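Worksheet: one structure, shown below.
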Amino acid sequence: MDMPGGLPMAGQGQDRDGLTLDQLHISLGPLLADWPSGLIVRVTLQGDVVQQAEVAKPGRSALAVSGAFWAEPWVREAAGERVSGGAAARRRAAAHLDSLARLLSVAGWPAEATVAGRLRDDLLEGAPGAAVWPRLERFASRVGRSRTLAWLTRGIGGLSTQEASDAGVSGPAARAGGDVTDRYRQWLADIRRDVQRLEEASPLRPEVDDSPRGHWRDGAPPSDALVRLLPGLLKGAELAAARLIVASLDPDLDELTVTPGGVMARD
Amino acid sequence: MTEAGTWWTLLAAPVLLLALAGLAVAGSALLDARDAGRPVRVATLGRPFLGVPRALLAQPRRLPAPDVLLWRAGVITVPVAAILSTLVIPFGGAVVADLSVGVVWFNAMEVLTWAGLWLAGWGPNAAFSLVGGYRFLAQGLAYELPLMFALISAATGAQSLRVGDVVAAQHGLWFAVWMPFAFVVYLAGVLAFSFLGPFAYPAGRDIADGVLGETSGVDQLLLQAGRWLWLASGAAMAVPLFLGGGAGPGLPGWAWQAVKTVLVLGLLVWVMRRLPVLRADRYVEFAWVVLLPVAVLQTLVPALAALG
């Protein structure tokens, strides 16, 4: 039979409710608004429920960017340079605001995503903590206390502290030990703590001071563990929830280029 | 009293609606600029309209195996239904068509948007736009029944489906005052059938703009115009339904209608920015378990008042 436009018909498969439904194979990323850059997740959809998800190996060009911007203080420290704790806190707060901007955009709250982006830019430009603090407070209370946002993100992408540590995850995702709601609230709490220590001159101690995505170790950047978690967390989620889950973990694939032992570089 | 207008009102109504929709777009652009820290100038207001000539000249995008006929039909339906809905909205003492079932006409035009948006999602034969189309159906299931009961509340209060009678019945007390819940549900419904703000789910950024994603050029312009036209039309209809129409001291009826419409429109544009997108899978539950029962109870109030 002639198919419209020469396209094959969709195959069918069992879905979670025991029905036989069309399966649609699409890949999320590498080009998708507010998606971690370079990440490609191949998903099998039935309706808009993710039945299968696997993380694809990105092409070389996608990872050709030099260095991991958000983990830079930790990379420099590992290379033997002296980095102040304040500078690291500034970069980490900006990284979390960057993640929050993406999450809020995916959650469909563009006005607050803009606010997060502006705070991030101001921090990166070296604004003093006192100048950022009042705006941060307003933003953190509006987003952190929003019942609507909490209601919409509650119960998806659950990741207990135990599961996180088993998967080798450290950092905010592990400390939050809960769902998407808990993770963005953890980010907000971390940002507030960090903005109070922007002027700290004592050197960065990587064993107690985590990089934005978690404990920085050579050979196993923290985003590696986050990427490995994705297929399990996405399975069974609806497309909208899947996007929120990815945004709430926000793995940084640039980290994987820095240390050659990452999941992408291994094979 | 409301009377059917002469032939030229048929032309004036769409022009007025376009002006209102343009006002809403400009206001939203102004708030965007303020939030982003860009300087707020007169040019800021015109910024979104620069996209219009660009869209008119744009090369249409080609897709493998689109369903062009249904796609076009869907895209055109949305703005056309919004314009047709204004036929029953009184402006001061005049209305284009003084239908005896005006409230039903408005509702019917709004339901046409269901078909329009779903077809706009189906037509391109692409995954994200199809998901967007289905999202609107799910959203529709959540907002439509409470919205209908809100409309029925106003009609019951007036004991008539004629919009002019609904205005006349509010002589002395606005329906928004003694049916506040129906008013709020109606306003939420307006945002929902405009798929804007918290109800932008069918055109969500997480699915690459969904129903809007695959459209380009004129098609995109029509759909975008459609959603703002619906917002303006919904705001204009709120005035005769709940805010006493053109009644008010000092000013002529048309002026009061205009002032109230702009205020409602401003309120909607402001609310749009204060909430994240309500995902239909969560919102449906709230709509059926909370909103719908309360909307039914709200309809009982004017019904009992009419009996007693």
Side-chain angles (χ1 to χ4, degrees), chain A residues 2-8 10 22 24-29 31-35 43 45 47-49 102-119 121-122 135 139 142-143 146-156 237-244 246-247, chain B residues 28 31-38 62-68 70 121 123-135 137-139 195-210 212-213 269-283 285-286 290:
Chain A
D2 256 359
M3 301 303 167
L7 299 175
D22 284 0
L24 194 59
H25 304 273
I26 61 172
S27 70
L28 304 177
L31 299 173
L32 199 55
D34 305 302
W35 183 255
V43 292
L45 291 180
D48 71 344
V49 177
R102 252 193 303 279
L103 177 80
L104 288 169
S105 204
V106 170
W109 204 355
E112 293 302 326
T114 306
V115 176
R118 284 186 71 195
L119 283 165
D121 294 348
D122 289 351
R135 280 195 294 140
F139 168 74
R142 211 176 254 182
V143 172
S146 165
R147 285 185 190 199
T148 323
L149 188 62
W151 169 52
L152 292 168
T153 49
R154 190 52 85 194
I156 56 179
E238 271 144 54
L239 197 54
R243 286 288 323 253
L244 285 167
V246 174
Chain B
S28 177
L31 293 173
D32 274 339
R34 196 200 57 185
D35 277 3
R38 290 197 302 268
R62 284 177 181 277
L63 291 159
D67 197 331
V68 178
L70 294 184
N125 191 17
F128 283 150
S129 75
L130 182 62
V131 171
Y134 275 118
R135 278 186 176 188
L137 295 190
Q139 179 162 302
F195 55 112
L196 280 167
F199 294 95
Y201 191 54
R205 212 171 142 73
D206 59 329
I207 48 166
D209 284 351
L212 294 169
V269 169
W270 179 76
V271 167
M272 262 166 52
R273 322 174 55 79
R274 294 309 301 269
L275 290 170
V277 162
L278 303 172
R279 290 210 321 280
D281 57 323
R282 295 273 154 110
Y283 188 65
E285 187 183 344
F286 173 74
V290 181

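This is a predicted model, so every value here is computed, not measured. A, B, ... follow the sequence lines: proteins, then strands. Residue 1 opens every chain.
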### Message
For A:L244, which atoms come within 4.5 Å of any heavy atom of chain B: side chain, backbone, both, or neither?
### Response
side chain
### Set of residues satisfying salt bridge (Lys or Arg N to Asp or Glu O under 4.0 Å) with respect to A:D122, sequence neighbours excluded
A:R135
### Task
Output the option from A:A247, A:G117, A:A107 having the highest count of non-hydrogen pairs under 4.5 Å with chain B.
A:A107
### Query
Between B:G37, B:P276, B:A208, B:G197, which has the largest tally of heavy atom pairs under 4.5 Å with chain A?
B:P276
### A:I26, part contacting chain B, at a heavy-atom distance under 4.5 Å
side chain
### With sequence neighbours excluded, residues passing side-chain hydrogen bond (donor to acceptor under 3.5 Å, both in side chains) with A:R243
none
### Residues from residues 198-206 of chain B approaching chain A under 4.5 Å (heavy atoms)
B:Y201, B:R205, B:D206
Contacts table for residues 108-116 of chain A: side-chain donor-acceptor under 3.5 angstrom, sequence neighbours left out:
residue : atom : partner : partner atom : Å
A:W109  : NE1  : B:R273  : O            : 3.0
A:E112  : OE2  : A:R142  : NH1          : 3.2
A:T114  : OG1  : A:P110  : O            : 2.9

#### Entry: Criterion side chain to side chain contact (heavy atoms under 4.5 Å, CB included) against B:R282, the qualifying member of A:T148, A:T153, A:I156
A:I156
### Summary
All heavy atoms of B:D35 vs all of A:R118, minimum pair found to be O-NH1, 3.1 Å
#### Entry: Heavy-atom closest contact (A:W151 atom, B:F286 atom, distance)
CZ2-CB, 3.9 Å
### Summary
When the 4.5 angstrom heavy-atom criterion is applied to B:R274 and chain A, the contacting part is both
#### Entry: Side chain, backbone, both or neither of A:L28 within contact of chain B (heavy atoms, under 4.5 Å)
side chain
### Query
Can you name the nearest heavy-atom pair linking B:R279 to A:L152, along with the distance?
NH1-O, 2.5 Å
### Residue B:L31 versus chain A: region with a heavy atom under 4.5 Å
neither
### Query
Does a side-chain heavy-atom distance below 4.5 Å link A:L239 with B:F128?
yes
